[in-house]
Novice: 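Shown below is the structure under consideration.
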Amino acid sequence: MTSGKRVAVGMSGGIDSTVTAYLLKEKGYDIIGLTMKIWDGSMACDPVRSGCYGPGEASDIEDAKKAAAGLGIEHFVVDLCAEYDSVVLDYFSAEYTDGRTPNPCVVCNSRVKFGSLIEKARTSGIPFDLFATGHYARVRRDAALGRYTLLRGTDKSKDQSYFLYRLSQDQLSQVLFPLGEFSKQDVKALALEAGFGEYLEKRESQDFLEFTDYTPLLKETPRAGNIVDTAGKIIGKHRGVAFYTIGQRRALGLAGLKEPYYVIRIDAAGNEIVAGPKEELMSRGLVAENVNWLVPFPEWPDGVIHAKIRSTAPPAQCVADLRDDGSLALCFKEPQESITPGQSVVLYRGELVLGGGIITGSSR
RNA sequence: UGGGGUGUCGUCAAGCGGUAAGACACAGGCCUUUGGAGCCUGCAUUCGGAGGUUCGAAUCCUCCCGCCCCAG
């Protein structure tokens with residue numbers, strides 16, 4: 001039943017994608033491995049951790065090659081430096097400059113990993129029918145809706161559906177997420193079974209950057225300005241709007257306060273940062289634009305809706321309203337902390353991902 | 001040199017006779033395929049110095065020392 005289908009597995013050199021390839025091979029698919037190259041080495045930096053973007057990519061590609069060799073499958077490296085630069089890095093810089101906090105993973109997934117990577121591989125003569133990754137999420141063909149749907153990973157602690165809500169029907173139609181029904185425990189056991197025990201030693205989580213100072217990525221030089229309180233009183237200085245995010249507590253340099261102050265608003269136009277105590281961070285409502293529906297709004301199944309305001313937030317109950325201009329307005333049952341423009345809000349009906357958008361503002 | 005003020009953790013800063021808040025910074029840990037995000041823990045046996053009064057002082061008194069302001 002799987003015979004004849006050729007599956008390209010996006011291999012990062014980590015345990016998840018390696019086990020993904022192993023599982024699909026065991027199932028009888030014809031497998032090849034693909035690894036993206038996005039680091040062109042032109043930028044000087046000081047790598048201090050594992051991440052997607054940085055000089056450590058070379059050894060990750062080596063690990064992917066080794067894994068592919070170990071599985072006895074063909075492996076290809078696809079150079080996407082130019083695409084990554086114009087899609088992810090430009091976006092990253094522009095968002096910060098405008099006082100928003102970018103989420104590179106969301107953009108990278110929908111446009112590079114599940115976009116350019118697939119296209120470029122095919123156009124460079126690497127044919128395949130399906131594309132698989134090691135994401136903890138599930139894809140289903142829903143007969144009633146007549147659509148492909150995205151579901152949360154079974155292991156809720158590892159669920160990565162949040163990062164995938166921007167995928168299109170076309171993308172979902174050719175995607176496999178074999179790890180969606182496994183737990184991290186299962187995957188580790190499978191890695192051992194497959195003879196990739198040494199991959200367990202690799203650091204689990206990946207940051208976006210291998211370095212912490214992202215100044216070199218900013219196309220516009222940050223300008224220092226004032227930090228004010230909600231009454232408008234100047235209480236400190238900031239190094240440039242691009243270095244702050246909503247809810248940030250550290251590195252504000254505000255002394256002499258009775259309680260910690262957090263960034264509660266960023267005014268890029270006025271080059272000003274508003275800081276205040278924790279309760280000022282709470283908001284009940286938000287507006288999101290640039291919405292992508294996996295289930296069109298009118299077809300939503302009945303029931304309670306939950307939304308995630310950031311990747312690490314638990315889904316929170318809310319009521320959604322689609323406005324005439326296509327933007328999405330949400331009202332939460334309980335106030336949410338640090339609703340951050342630029343971050344994605346993703347809507348769920350139980351396990352089902354309904355869609356999501358980019359937050360543009362919040363209201364109390 | 002008169003007059004006034006002040007001296008508490010690297011920094012800002014509570015305390016006002018009852019046995020050193022808090023914030024920033026720093027260090028370590030946790031979380032995490034976004035975030036200089038968040039969370040947790042640690043961080044002054046000691047309050048410019050020396051005496052004194054008290055059962056008991058950072059808190060009161062005395063004398064030094066250092067800053068700050070006003071006068072000249």
Side-chain angles (χ1 to χ4, degrees), chain A residues 10-17 20 36 38 46 48-54 56 60 88-89 91-93 95-96 99-110 112-113 133-137 153 157-166 177 179 184 187 202-218 222 227 229 235-264 266 273 275-278 281 308-314 336-346 356 358-359:
Chain A
M11 299 179 72
S12 67
I15 178 174
D16 290 336
S17 57
T20 297
M36 314 194 284
I38 57 176
D46 178 24
V48 294
R49 59 187 181 186
S50 66
C52 295
Y53 190 70
D60 288 334
V88 179
L89 299 183
Y91 150 82
F92 181 82
S93 171
E95 288 291 281
Y96 265 133
R100 290 186 294 270
T101 305
N103 187 329
C105 287
V106 165
V107 172
C108 174
N109 280 335
S110 65
V112 180
K113 196 174 288 174
T133 68
H135 282 97
Y136 289 81
S157 68
K158 295 301 294 181
D159 170 44
Q160 290 169 319
S161 59
Y162 176 89
F163 297 102
L164 299 168
Y165 81 96
R166 297 212 130 240
F177 297 136
L179 301 190
K184 191 73 189 187
V187 171
K202 292 191 76 173
R203 188 176 156 69
E204 253 192 54
S205 61
Q206 287 254 116
D207 291 293
F208 165 46
L209 305 172
E210 288 178 21
F211 43 95
T212 53
D213 181 5
Y214 53 75
T215 309
L217 291 178
L218 300 174
I227 299 177
D229 62 18
I235 53 177
K237 300 287 268 179
H238 72 250
R239 300 173 44 230
V241 139
F243 296 113
Y244 302 84
T245 186
I246 305 300
Q248 177 175 336
R249 170 182 177 176
R250 309 188 75 233
L252 293 185
L254 304 172
L257 302 166
K258 291 256 188 286
E259 58 188 325
Y261 265 34
Y262 300 78
V263 173
I264 63 179
I266 297 174
I273 284 182
K278 192 164 191 133
L281 284 171
K308 276 175 76 152
I309 233 61
R310 72 181 84 258
S311 67
T312 53
Q336 301 295 297
E337 187 178 312
S338 305
I339 291 177
T340 308
Q343 293 290 291
S344 288
V345 58
V346 178
I358 312 287
I359 298 170

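Chain identifiers are assigned alphabetically (A, B, ...) following the order of the sequence lines, protein sequences preceding nucleic acid strands; residue numbering begins at 1 within each chain.
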Novice: Looking only at side-chain N and O atoms, does A:Asp229 offer a donor or acceptor that is under 3.5 Å from a partner on A:Tyr261?
Specialist: no
Novice: Rounding to an integer number of angstrom, what distance separates B:C43 and B:A25 when you compare their C1' atoms?
Specialist: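 These two C1' atoms come out 11 Å apart once rounded.
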Novice: Just the rounded figure in Å: distance from P of B:U32 to CZ of A:Arg310.
Specialist: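 Answer to the nearest Å: 15 Å.
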Novice: Distance between the P atoms of B:A27 and B:C67, in whole angstroms?
Specialist: 33 Å
Novice: According to a strict under-4.0 Å criterion, is A:Arg239 in side-chain N/O contact with OP1 or OP2 of B:G36?
Specialist: no
Novice: For the side chain of A:Thr133 and the backbone of A:Gly10, is there at least one donor-acceptor N/O pair under 3.5 Å apart?
Specialist: no
Novice: For the pair made of CG in A:Asp207 and P in B:U34, what is the distance, rounded to whole Å?
Specialist: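 Distance, rounded to whole Å: 6 Å.
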Novice: Closest nucleotide of RNA chain B for A:Tyr262 versus for A:Arg49: which of these residues is on the 5' side?
Specialist: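 Between the two, 5'-proximity favours A:Arg49.
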Novice: Could you please name the partner base of B:C16, counting Watson-Crick and G-U wobble pairs only when both distances are under 3.5 Å?
Specialist: none
Novice: Determine whether a donor-acceptor pair (N or O, by modelled atom type, separation under 3.5 Å) exists between the side chain of A:Tyr165 and the backbone of A:Val106.
Specialist: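 Not at all, since once roles are kept as given, no pair shorter than 3.5 Å links the two residues.
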Novice: May I ask you to say what A:Pro102 touches in the nucleic acid, namely base, sugar-phosphate or nothing, with a heavy-atom cut-off under 4.0 Å?
Specialist: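 If one applies the 4.0 Å heavy-atom cut-off, A:Pro102 turns out to touch a base.
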Novice: Apply the test side-chain contact (heavy atoms from CB on, under 4.5 Å) to residues A:Phe243 and A:Leu218: give CA-CA distance (whole Å), side-chain angles for both, the deciding distance (0.1 Å), then the verdict.
Specialist: CA-CA 10 Å; A:Phe243 296 113; A:Leu218 300 174; 4.1 Å; yes
Novice: Using the P atoms only, state how far B:G56 lies from B:C39, rounded to an integer number of Å.
Specialist: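 Their P atoms lie roughly 44 Å apart.
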Novice: Could you check how far CG of A:Asn103 sits from P of B:U32, rounded to whole Å?
Specialist: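 Rounding to the nearest Å, CG of A:Asn103 and P of B:U32 are 16 Å apart.
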Novice: Given the C1' atoms of B:G15 and B:C60, what is the spacing between them in whole Å?
Specialist: 15 Å
Novice: Select one nucleotide: of B:G38, B:U32, B:G36, the one nearest the side-chain heavy atoms of A:Arg249.
Specialist: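 From the listed options, B:G38 comes nearest.
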Novice: So, using ring pair (Phe, Tyr, Trp, His ring centres under 6.0 Å) as the criterion, who are the partners of A:Phe92 when residues are at least two apart?
Specialist: A:Tyr96, A:Phe208, A:Tyr214
Novice: Is a side-chain donor or acceptor of A:Gln248 paired with a backbone partner of A:Arg250 at a separation under 3.5 angstrom?
Specialist: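 Yes, A:Gln248 side chain to A:Arg250 backbone: donor-acceptor pair under 3.5 Å.
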Novice: Give me, pair by pair, the N or O atoms of the protein and of nucleotides 8-14 of chain B that are less than 3.5 Å apart, along with how far apart they are.
Specialist:
unit_1 : atom_1 : unit_2   : atom_2 : d
B:C12  : O2     : A:Gly256 : N      : 3.0

Novice: Under 4.0 Å between a side-chain N/O of A:Lys158 and OP1 or OP2 of B:C31, yes or no?
Specialist: no
Novice: Can you tell me if A:Tyr162 uses its side chain to pair, donor with acceptor, with the backbone of A:Ala313 under 3.5 Å?
Specialist: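 Flag not set: sc A:Tyr162 to bb A:Ala313 has no pair under 3.5 Å.
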Novice: Under 4.0 Å between a side-chain N/O of A:Tyr162 and OP1 or OP2 of B:U34, yes or no?
Specialist: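 Checking A:Tyr162 against B:U34: no side-chain N or O falls below 4.0 Å of OP1 or OP2.
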Novice: Please pick, from B:A25, B:C39, B:G35, the nucleotide with the shortest atom-to-atom distance to any side-chain atom of A:Lys278.
Specialist: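 Selected nucleotide (nearest to the side chain): B:C39.
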Novice: Using both distances under 3.5 Å as the test, list the Watson-Crick or G-U wobble partner of B:G66, or none.
Specialist: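 Base partner found: B:U6.
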Novice: Base, sugar-phosphate, or nothing: which does A:Phe243 touch, judged by heavy atoms less than 4.0 Å apart?
Specialist: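 Touches a base.
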Novice: Given the C1' atoms of B:U1 and B:A44, what is the spacing between them in whole Å?
Specialist: 38 Å
Novice: Taking atom C1' in both B:G48 and B:C65, compute the distance separating them and give it to the nearest angstrom.
Specialist: 7 Å
Novice: Nearest heavy atom decides the nucleotide; on that basis, is A:Leu254 or A:Thr245 closer to the 5' end of RNA chain B?
Specialist: A:Leu254
Novice: Name the residue from A:Ile309, A:Val345, A:Leu281 that meets the side-chain contact (heavy atoms from CB on, under 4.5 Å) definition with A:Ile339.
Specialist: A:Ile309
Novice: Write down the distance between OH (A:Tyr244) and C1' (B:G38), rounded to a whole number of angstrom.
Specialist: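 It is 18 Å, rounded to the nearest whole Å.
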Novice: With A:Arg310, which of A:Ile359, A:Thr340, A:Asn103 fulfils side-chain contact (heavy atoms from CB on, under 4.5 Å)?
Specialist: A:Thr340
Novice: Could you tell me how far B:C30 sits from B:A21 if I compare only their P atoms? Round to whole Å.
Specialist: 29 Å
Novice: With respect to the phosphate group of B:G36, does any side-chain polar atom (N or O) of A:Tyr96 fall under 4.0 Å of OP1 or OP2?
Specialist: yes
Novice: What residues in residues 336-346 of chain A put a non-hydrogen atom under 4.0 Å from any atom of RNA chain B?
Specialist: A:Thr340, A:Gln343
Novice: How many Å lie between CG on A:Leu218 and C1' on B:G35, as a whole number?
Specialist: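 About 13 Å, once rounded to whole Å.
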Novice: Please report, rounded to the nearest Å, how far the C1' atom of B:U34 is from the CD1 atom of A:Ile38.
Specialist: 13 Å
Novice: Tell whether A:Ser311 reaches the base of B:U32 with its side chain through a donor-acceptor pair below 3.5 angstrom.
Specialist: no
Novice: Rounded to whole angstrom, note down the C1' distance from B:C69 over to B:C63.
Specialist: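 That atom pair is separated by 24 Å.
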Novice: With a 3.5 angstrom cut-off on both distances, give the Watson-Crick or G-U wobble partner of B:U11, or none if there isn't one.
Specialist: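 B:U11 is paired with B:A23.
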Novice: Does the A:Glu210 side chain pair with the main chain of A:Gly56, one donor and one acceptor, at a distance under 3.5 Å?
Specialist: yes
Novice: What integer distance in Å separates A:His238:NE2 from B:G36:P?
Specialist: 15 Å
Novice: Looking at B:C60, which nucleotide sits across from it as a Watson-Crick or G-U wobble partner, both distances under 3.5 angstrom, or is there none?
Specialist: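 When the pairing criteria are applied, B:G52 turns out to be the nucleotide that pairs with B:C60.
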Novice: Would the distance check show the side chain of A:Arg166 and the main-chain N or O of A:Gly356 forming a donor-acceptor pair, the cut-off being under 3.5 Å?
Specialist: no
Novice: Determine, step by step, whether A:Leu217 and A:Leu209 satisfy the side-chain contact (heavy atoms from CB on, under 4.5 Å) criterion, reporting the C-alpha distance in whole Å, the side-chain angles of both residues, the deciding distance to 0.1 Å, and the verdict.
Specialist: CA-CA 10 Å; A:Leu217 291 178; A:Leu209 305 172; 3.8 Å; yes
Novice: Rounded off to whole Å, could you give me the CD1-to-P distance for the A:Ile235 and B:C24 pair?
Specialist: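 Checked: the CD1 to P distance equals 12 Å.
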